[in-house]
Participant: 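Attaching a single structure in structure tokens format; questions to follow.
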Protein chains: 2
Amino acid sequence: MSHLLIVDDEQDMVDLVTMYMENAGYTVSSALNGDEAEEKLKESHPDLIILDLMMPGRDGFAICESIRSYSDVPIIFLTARGEEWDKVRAFSIGGDDYIVKPFSPGEMTARIQAVLRRFGRVDEKRETIRYQTLSIDVHSRAVRVDGAAIQLTMKEFDLLVLLAKKRGRIFSREELLETVWGTEYSGGTRTVDTHIKTLRMKLKNEGASIETVWGIGYKFVDGAV
Amino acid sequence: MSHLLIVDDEQDMVDLVTMYMENAGYTVSSALNGDEAEEKLKESHPDLIILDLMMPGRDGFAICESIRSYSDVPIIFLTARGEEWDKVRAFSIGGDDYIVKPFSPGEMTARIQAVLRRFGRVDEKRETIRYQTLSIDVHSRAVRVDGAAIQLTMKEFDLLVLLAKKRGRIFSREELLETVWGTEYSGGTRTVDTHIKTLRMKLKNEGASIETVWGIGYKFVDGAV
DNA sequence: AATGGGTGTGAAATAAGTGTGAAAAATTTT
DNA sequence: AAAATTTTTCACACTTATTTCACACCCATT
């Protein structure tokens with residue numbers, strides 16, 4: 001799998017992103033400032049850098065420019081919602097994409113994969129989850145039931161993958177929200193119900209694979225037992 | 001199984017949580033104040049700390065900050081309902097989750113497991129209780145008798161697991177209520193009888209494994225002896 | 001065998017959790 | 001700016017779970 005370098009001055013954010021990305025199957029290095037980042041870049045040769053824009057000392061732009069003088073490793077900027085910043089400049093100095101905080105784990109992996117694919121640096125081994133007539137291509141995010149392609153939204157897909165990857169395991173609504181939506185989500189838990197509803201509907205005959213565990217949450221049926 | 005450290009200035013609360021968590025299969029150390037907590041932390045190396053926020057002397061925040069200067073053991077705060085407190089500060093100084101008093105044992109174990117999982121410190125081994133033709137998968141909450149799946153409700157399941165985990169031990173109705181229902185339960189004790197009744201019925205031939213101890217309570221028969 | 005509290009049981013009353021459709025809000029695309 | 005899509009909220013119906021209750025029955029002790 002690919003290796004990432006996270007650069008952010010807030011330890012908490014580094015920890016969060018690290019957790020997210022390790023769960024997504026990446027290996028991760030991190031740095032708290034520009035100098036440290038360039039050092040780590042030389043020693044760990046990451047396939048991609050996630051670079052916070054707003055940092056004391058050298059900011060994301062300055063670090064990016066410096067790196068671009070000797071490396072063309074893909075760079076994704078991290079920026080806070082509402083933060084004023086120069087998107088044009090970001091791309092003109094060699095940024096490849098950007099992610100707005102707060103973000104969900106799924107969003108981040110999606111963007112990372114998109115950039116890596118563009119750079120042809122992703123190992124194309126396809127991870128496919130199968131259950132009866134249901135097949136889920138985790139990387140291309142394509143879902144089929146009975147051979148027919150099903151169109152899922154991002155949340156629906158992430159939810160399905162999480163449940164289907166751990167068949168038989170029961171997830172509470174809180175767990176699902178935390179994993180799929182991310183920690184900053186603050187709405188009600190019934191949102192999960194609605195997504196489960198649409199999922200079941202879209203999955204047609206395989207919709208029954210997602211079972212309700214009364215009083216606890218949901219699970220994907222465990223074929224074995 | 002994992003080891004916990006409970007820190008609370010009230011001996012009663014320490015005892016209660018200790019009982020809950022030991023029933024849930026954890027081993028537990030405890031401390032009544034910050035100094036004692038850090039001492040116990042060094043000698044018992046817990047996998048997770050449950051830390052009361054409101055304490056005389058150093059409060060939960062101060063203790064957490066101090067611990068974070070040299071350890072990243074997961075910390076869950078305990079806070080009383082209605083108590084004014086700074087949630088943002090709790091997370092910014094390194095807290096991982098919080099639980100509001102009063103809570104049920106199930107709620108606490110759920111949060112502990114969620115945090116431990118996030119830290120990748122939980123062994124996902126399947127815990128299965130077996131007795132004759134009865135098998136209980138504790139995590140997927142699946143119960144079988146004679147190979148056939150049995151559908152239990154939440155209370156029934158929790159009750160069965162508690163009894164079956166400690167075969168031979170006699171539980172009074174009060175104990176069962178306190179452990180399965182939690183402290184906030186305020187109804188009569190005959191409710192237990194009703195659940196025992198449905199359990200026995202659903203467990204069919206294994207229903208006899210739950211015995212009445214006249215004048216005291218119930219127990220799961222002890223195969224040995 | 002008589003007594004008095006403890007327990008089993010079925011049915012009824014309450015309470016709690018979930019499914020669903022539709023509307024509102026947020027977001028993205030055109 | 002408008003349109004389309006996705007996500008979230010909400011209320012109501014519906015299902016399931018939990019608790020209560022009354023009465024028969026059981027057990028241990030006189």
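Every chain is numbered from 1 and lettered A, B, ... according to where its sequence line falls, protein lines coming before strand lines. Every heavy atom of this structure was used, including side-chain atoms; hydrogens, water molecules and symmetry mates were not.
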Participant: Think W181(A) has a side-chain N or O under 4.0 angstrom from the OP1 or OP2 of dT8(D)?
Facilitator: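 Affirmative; the distance criterion is met.
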Participant: Atom NZ of K155(A) and atom P of dT9(D): how far apart are they, to the nearest Å?
Facilitator: 12 Å
Participant: Among the nucleotides dG19(C), dT7(D), dT19(D), which one has an atom lying closest to any side-chain atom of H195(B)?
Facilitator: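 The nucleotide sitting nearest to the side chain is dT19(D).
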Participant: Could you please name the option among dG5(C), dT20(D), dT18(D) that lies closest to any side-chain atom of W214(B)?
Facilitator: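 Within the option list, the nearest is dG5(C).
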Participant: If you only use heavy atoms from C-beta on, which nucleotide in dT7(C), dT19(D), dT8(D) is closest to the side chain of R173(B)?
Facilitator: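 From the listed options, dT7(C) comes nearest.
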Participant: Answer yes or no: does a side-chain N or O of T194(A) lie under 4.0 Å from OP1 or OP2 of dT7(D)?
Facilitator: no
Participant: Please check the phosphate of dG6(C) (OP1 and OP2 only) for any side-chain N or O of T212(B) closer than 4.0 Å.
Facilitator: no
Participant: Classify the nucleic acid contact of Y218(A) as base, sugar-phosphate or nothing, counting any heavy atom under 4.0 Å across all strands shown.
Facilitator: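 Contact class for Y218(A): sugar-phosphate only.
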Participant: Charged N to carboxylate O below 4.0 Å: is that the case for R141(A) and D158(A)?
Facilitator: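 Yes, charged N to carboxylate O under 4.0 Å.
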Participant: In chain order, what residues pass the side-chain hydrogen bond (donor to acceptor under 3.5 Å, both in side chains) check against T179(A), with sequence neighbours excluded?
Facilitator: none
Participant: NA contact type, K197(B), heavy-atom cut-off 4.0 Å: base, sugar-phosphate, or nothing?
Facilitator: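 The answer is base, as K197(B) lies within the cut-off (heavy atoms under 4.0 Å) of a base atom.
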Participant: If I take atom CD in residue E174(A) and atom P in nucleotide dG17(C), what distance separates them, rounded to the nearest angstrom?
Facilitator: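 In whole Å, dG17(C) P lies 11 Å from E174(A) CD.
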Participant: Can you tell me which nucleotide in dT20(D), dT7(C), dT18(D) comes closest to the side chain of Y185(B)?
Facilitator: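 For Y185(B), the side-chain atoms sit closest to dT20(D).
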Participant: Is it true that R173(B) and D193(B) make a salt bridge, defined as a side-chain N closer than 4.0 Å to a carboxylate O?
Facilitator: yes
Participant: Would you confirm whether D52(A), through its side chain, and V7(A), through its main-chain N or O, come within 3.5 Å as a donor-acceptor pair?
Facilitator: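 Not a single qualifying donor-acceptor pair exists.
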Participant: Indicate, yes or no, whether a donor-acceptor pair under 3.5 Å links the base of dT5(D) to the side chain of T153(A).
Facilitator: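 Side chain to base: no pair present.
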Participant: Quick one: which of dG17(C), dG8(C), dT20(C) gets closest to the side chain of R190(B)?
Facilitator: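 Within the option list, the nearest is dG8(C).
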Participant: Indicate, with a heavy-atom threshold strictly under 4.0 Å, whether V192(A) touches base, sugar-phosphate, or nothing.
Facilitator: nothing
